[in-house]
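Hydrogens, waters and symmetry mates play no part in the numbers below; they use all other heavy atoms, side chains included.
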Amino acid sequence: MALTGRTALLAALGSLPVGIWEPSWTGILAVNTPLALACACDFALAAPVRRLRLTRSGDTAVRLGDPADVTLTVTNPSRRPLRAQLRDAWPPSSWLPGTEVEASRHRVTIPPGERRRVTTRLLPTRRGDRKADRVTIRSYGPLGLFTRQGTHDVPWTVRVLPPFHSRKHLPSKLARLRELDGRTSVLTRGEGTEFDSLREYVPGDDTRSIDWRATARQSTLAVRTWRPERDRHILLVLDTGRTSAGRVGDAPRLDASMDAALLLGALASRAGDRVDLLAYDRRIRALVQGRAAGELLPALVNAMAPLEPELVETDARGLASAALHTAPRRSLVVLLTSLDAAPVEEGILPVLPRLTKRHTVLVASVADPKITEMATSRGNTEAVYDASAAAQAQAERQRTAERLIRHGVTVVDATPNELAPALADAYLALKAAGRL
């Protein structure tokens, strides 16, 4: 019976005299001419690697937490069949820990002149651009004794976008927006409202809203309804300095800030307002301006995807100047930053009058839920000390917020899971009060 592959190699090794065998290919080939010829033939029959043609196709963008499929097409132009093992290398953060080996390696068999496709499934664990590394191919001969190996550069980039977990809150916020927009029987008043329509008076309506002229023309009391003004300008400012790098739970504060900014951007664009984005620390990291409502959300997530916290102190004066340049007319400036005492007192407070003179300012900050948990802990000496430290941190944070409020700033301070809906509620409250 004919022996093939590694069985032939073992048979050849078994025919060597005892004492002559050395664990090296040099020794094997020197004493066994048939094996040498078999290896030479195996090497000659292995398909060449350098002549292979490789192209990519597939996903170019994916939300964090979702899989992305990238297809590699391998064409074999030679006259020999390709029997190969292929490794499609990507950065380690392209897969869940421990799954890289299984996901990146493929076995392919390609007849002469044909092509095959292999798909690599990525499951990125971080935002940003994931760029493909080299493709390494190991081509085997029919006996599997010798291989040819080479690498190919096949560029491809998959942009990993923010996950936008707070999207689930959008329907409820839009329902509240419809109430403010006069589509239901709710009265809103203030300098930022416009007359919408007349309806019949119902008990509980403000008597100041009664339209006496319209009432005189009909047999029932008529009241005016109002709707918030549209086409207001909202500037979302992301502080990407060192304070945004602090981790709350499993993610940096910047990620929670971006999620809140996405919800507010989606809500404000549905309200008919114009939304821009500015990311800044010591220079502009991202800028989105002048996008239509249908283009806004894709533009925001695309601009946020490569953002990472910079381990530098934010230049508050530069941030204020950039905000004023981006929003030359009266706007709502939403600053997503830290409420730590030192950065606020030394950075934001000195430049705050420049912003509040022209704009309505809202400061949103990510609170650490661990502090709240520590503040309620009891039971032993260590827990009491933790509670004391947490209470002190909370009091300092509250004093910082009060200083901002005294300057006319609206402050939203909430945990990562609550920041996005709390910021949306603050926006709706400002709109209902006519402050936009």
Would you check if there is a donor-acceptor pair between the side chains of [Y] and [X] at a distance under 3.5 Å?
X    : Y    : answer
D340 : S338 : yes
R138 : Q85  : no
D273 : H233 : no
H106 : T119 : no

Partners passing side chain to side chain contact (heavy atoms under 4.5 Å, CB included) against [X] (at least two apart in sequence or in another chain):
X    : result
A103 : W95
E402 : Q398, R406
A341 : E345, E396, T400
P162 : R127, L262, V301, M304, A305

Query raised in the report: With E295, which residues qualify under side chain to side chain donor-acceptor pair (under 3.5 Å), at least two apart?
Result: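 Not a single residue meets the side chain to side chain donor-acceptor pair (under 3.5 Å) criterion with E295.
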Query - Residues which pass side chain to side chain donor-acceptor pair (under 3.5 Å) with S93, listed by chain and number, not counting sequence neighbours - result: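 Applying side chain to side chain donor-acceptor pair (under 3.5 Å) to S93 gives R130.
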Report task. Indicate the atoms forming the closest heavy-atom contact of A271 with Y427, along with that distance. Result ->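 Nearest pair, atom of A271 first, then Y427: CB-OH, 3.4 Å.
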Query raised in the report: For S244 and P252, which heavy atoms make the closest approach, and how far apart are they?
Result: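 Closest pair (atom of S244, atom of P252, distance): O-CB, 3.7 Å.
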Query raised in the report: More than 12 non-hydrogen atoms from neighbouring residues, nucleotides or ligands closer than 6.0 Å to CZ on R247, yes or no?
Result: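 Yes, because the 6.0 Å sphere around CZ of R247 holds more than 12 heavy atoms from other groups.
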Requested in this report: Would you mind listing every salt bridge (Lys or Arg N to Asp or Glu O under 4.0 Å) that reaches into residues 280-294, with sequence neighbours excluded?
Outcome: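 Output for this query lists D281-R285, R285-E310.
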Does any pair with a residue in [range] pass side chain to side chain donor-acceptor pair (under 3.5 Å), and if so which ones, sequence neighbours excluded?
range            : result
residues 150-166 : D129-R159, R159-N302, S166-D259
residues 313-323 : D239-T314, R242-E313, S321-R354
residues 46-63   : R56-D88

Query - Donor-acceptor pair, side chain of T326 and main chain of A322, under 3.5 angstrom - result: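 Yes, the answer is positive, given that a donor and an acceptor are paired below the 3.5 Å cut-off.
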Requested in this report: Examine distances only and state if a side-chain atom of H359 and a backbone atom of L332 form a donor-acceptor pair shorter than 3.5 Å.
Outcome: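 No: the side chain of H359 does not pair with the backbone of L332.
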Report task. Name all residues meeting the salt bridge (charged side-chain N to carboxylate O under 4.0 Å, His left out) criterion together with D413; count only those two or more places apart in sequence or in a different chain, and write none if there are none. Result ->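 For D413 the salt bridge (charged side-chain N to carboxylate O under 4.0 Å, His left out) partners, ignoring immediate neighbours, are R397.
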Requested in this report: Please list, chain by chain and in numerical order, all residues satisfying salt bridge (charged side-chain N to carboxylate O under 4.0 Å, His left out) with R87, sequence neighbours excluded.
Outcome: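 Here the qualifying residues are E100.
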